[in-house]
Amino acid sequence: MDVAVVVFTSDLRLRDHPALHAARRAADAVVPLFVRDRGVDGAGFATPNRLAFLADALTDLDVGLRERGGRLVVREGDVVDEVCAVVRETGAGEVYLSAGVSAYARRREERLRAALEELRCPLRVHDGAVTVVPPGAVTPAGRDHFAVFTPYHRRWRESVRDAPLAAPRRIVVPDTAKGQGPPQRDGVTGVSPGVPRGGEQEGRRRMTAWLRSDVDAYEERHDDLAGDATSRLSPYLHFGCLSASELTHRALRHGGTGAEAFVRQLAWRDFHHQVLAARPDASWADYRPRGDRWRHDERELTAWREGRTGYPIVDAAMRQLAHEGWMHNRGRLLVGSFLTKTLYADWREGARHFLRLLVDGDMANNQLNWQWVAGTGTDTRPNRVLNPVTQARRYDPDGAYVRRWVPELAGVGGSAVHEPWKLDAAELRDSGYPAPLVDLAVSRDRFLTARNKA
């Protein structure tokens, strides 16, 4: 019996899975393998919120495999050692893997390929599991990647592939494939209370509901902080519980201006993946250095992390992150601008904090979005500064979002909640809400002077 191993990483689903599809066609039996990789722990990415979501996703994947006659084989240790052990134990002739773009994913692939060569077992790497259009599939003339989104989007839109692959009807797993059962969420401590349930089935339920009833209003409402009118599908895309290709295909089939605007956001996700694939050091190094001499004020950083800056819209977004392991995209822009341009603190401080809490935190989108807002990335207006009060009035006009997340100000009506320092002194003192951490005008001048743009 021919045996193939499919190594699951950030592609925890059965539908539209190119590597699994290819393995099923090539072999009589398949070992669906997930390795609880110690290297991920060592790199600091095994945080409680993501571990809880991962546990749900693996349990769901195991259930889906068992419904098809198979099971998920879970091992723990060094990913290369464990894959090679499974190959030896099962006599597998090939190993299938979905391509990644981070430096860690590339090193993992190189190490795995070299180790499998010694076993005379080829590694088959498949694109199309993580992104809609694989990094490097579209490039500008004479360059290895697009550095500006608009021309990339035009080429990307022409390259969206056809209908997604179906889930396998049956999977045979050899008895010689030994492993543990999937981890359980209740074994993870320190999880934010609002982290959603993970897994392909939950992701598909949310995707179907989103496309059926909410996507049509996306273009008009996606920046409405209180309305919460975004899809919230990013954690499911990050873990591969949903296929970005299938989501794009279904949204385009649905049609309309809302769906087109939503698909544009999926193109932004692919854009960042192709940048990181071409420039792996952009994970932590400035993509476009500006000569910044970032300030480091631990008191200010702590206030920002805890949502105690004295600017309610910033604090509301930071508290949402702490509670849900997720933040509205407009909120991410606001807190990012506040950290890097108002406080003039290093974007890497923000990226680290986000990676500690975000369920959808990954190297491509987290790091490069932080670079975009800091002006060290691909933004064509790198010195723009978002005023949190102006932004709050525009995207939370009646203050509902702030009152939801900053209960100290719940009794302040209307847009007055965005400028609590204008309240009666006794009322502000009784609320317990802090005074503004910095002066916006002074901070803006400091940043522009540092960037030589005053």
Side-chain angles (χ1 to χ4, degrees), residues 6-21 23-24 30-36 48-74 98 128-132 163-173 179-188 191-215 228 230-251 253-254 262 266 269 324-326 358-362:
V6 178
V7 182
F8 286 84
T9 54
S10 54
D11 49 0
L12 304 180
R13 64 179 184 272
L14 297 177
R15 294 167 180 81
D16 200 36
H17 196 298
L20 178 61
H21 183 78
R24 281 278 294 110
V30 172
V31 181
L33 174 65
F34 181 85
V35 179
R36 182 73 172 78
N49 288 348
R50 287 196 291 281
L51 287 176
F53 195 94
L54 172 65
D56 292 345
L58 293 175
T59 297
D60 182 79
L61 181 59
D62 183 54
V63 170
L65 288 164
R66 290 181 183 277
E67 290 173 348
R68 292 162 173 81
R71 57 191 167 89
L72 181 64
V73 176
V74 180
S98 296
V130 176
T131 57
V132 182
L165 300 167
R169 294 183 179 180
R170 179 165 176 77
I171 292 180
V172 176
V173 180
Q180 311 163 3
Q184 300 300 308
R185 176 186 279 236
D186 57 14
V188 183
V191 181
S192 296
V195 169
R197 183 160 59 93
E200 182 176 12
Q201 296 311 307
E202 177 65 13
R204 295 190 70 80
R205 183 191 69 78
R206 289 174 178 244
M207 173 175 65
T208 299
W210 163 253
L211 293 173
R212 178 184 299 130
S213 59
D214 297 315
V215 73
D228 198 13
T230 63
S231 73
R232 285 184 172 255
L233 294 176
S234 57
Y236 301 91
L237 291 169
H238 170 61
F239 281 90
C241 302
L242 288 179
S243 159
S245 291
E246 181 182 2
L247 180 55
T248 300
H249 178 79
R250 289 183 59 174
R253 188 175 63 189
H254 179 89
F262 178 64
L266 295 173
R269 181 176 180 271
E324 296 186 347
W326 184 87
L358 281 176
V359 180
D360 62 28
D362 68 16

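Note that the coordinates shown come from a computational prediction; the quantities given were computed from them, not determined experimentally.
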Report task. Kindly check if the number of other-residue, nucleotide or ligand heavy atoms within 6.0 Å of CZ (R68) is above 12? Result ->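 Yes, CZ of R68 has more than 12 neighbouring heavy atoms, counting only those of other groups under 6.0 Å.
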Short side-chain to backbone donor-acceptor contact, [X] and [Y], under 3.5 Å:
{"X": "R250", "Y": "T208", "result": "no"}
{"X": "R204", "Y": "L242", "result": "no"}
{"X": "D16", "Y": "L165", "result": "yes"}
{"X": "D360", "Y": "L358", "result": "no"}

Any [X] side-chain heavy atom under 4.5 Å of [Y] side chain:
{"X": "L65", "Y": "V173", "value": "no"}
{"X": "V359", "Y": "H238", "value": "no"}
{"X": "P183", "Y": "L54", "value": "no"}
{"X": "H17", "Y": "F8", "value": "yes"}

Atom pair [atom1] ([X]) and [atom2] ([Y]), whose distance is rounded to the nearest 0.5 Å:
{"X": "L61", "Y": "L14", "atom1": "CG", "atom2": "CG", "result": "5.5 Å"}
{"X": "Q180", "Y": "L58", "atom1": "CD", "atom2": "CG", "result": "11.0 Å"}
{"X": "E202", "Y": "F53", "atom1": "CD", "atom2": "CZ", "result": "8.0 Å"}
{"X": "F239", "Y": "D362", "atom1": "CZ", "atom2": "CG", "result": "10.0 Å"}
{"X": "T59", "Y": "Q184", "atom1": "OG1", "atom2": "CD", "result": "4.0 Å"}
{"X": "S98", "Y": "D11", "atom1": "OG", "atom2": "CG", "result": "3.5 Å"}

Heavy atoms only: give me the nearest [X]-[Y] pair and the separation to one decimal.
{"X": "N49", "Y": "G325", "answer": "ND2-CA, 3.7 Å"}
{"X": "Y236", "Y": "G203", "answer": "CD2-CA, 3.5 Å"}
{"X": "S245", "Y": "V132", "answer": "OG-CA, 3.5 Å"}
{"X": "R170", "Y": "G69", "answer": "NH1-CA, 3.9 Å"}
{"X": "A19", "Y": "V6", "answer": "O-CG2, 4.3 Å"}
{"X": "S10", "Y": "V130", "answer": "OG-CG2, 3.8 Å"}

**Report entry** D56 and R185: CA distance, side-chain angles, deciding distance, salt bridge (Lys or Arg N to Asp or Glu O under 4.0 Å) verdict
**Finding:** CA-CA 6 Å; D56 292 345; R185 176 186 279 236; 2.7 Å; yes
Report task. Please say which of R205, R13, R15 ends up in a salt bridge (Lys or Arg N to Asp or Glu O under 4.0 Å) with E200. Result ->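 The option that passes is R15.
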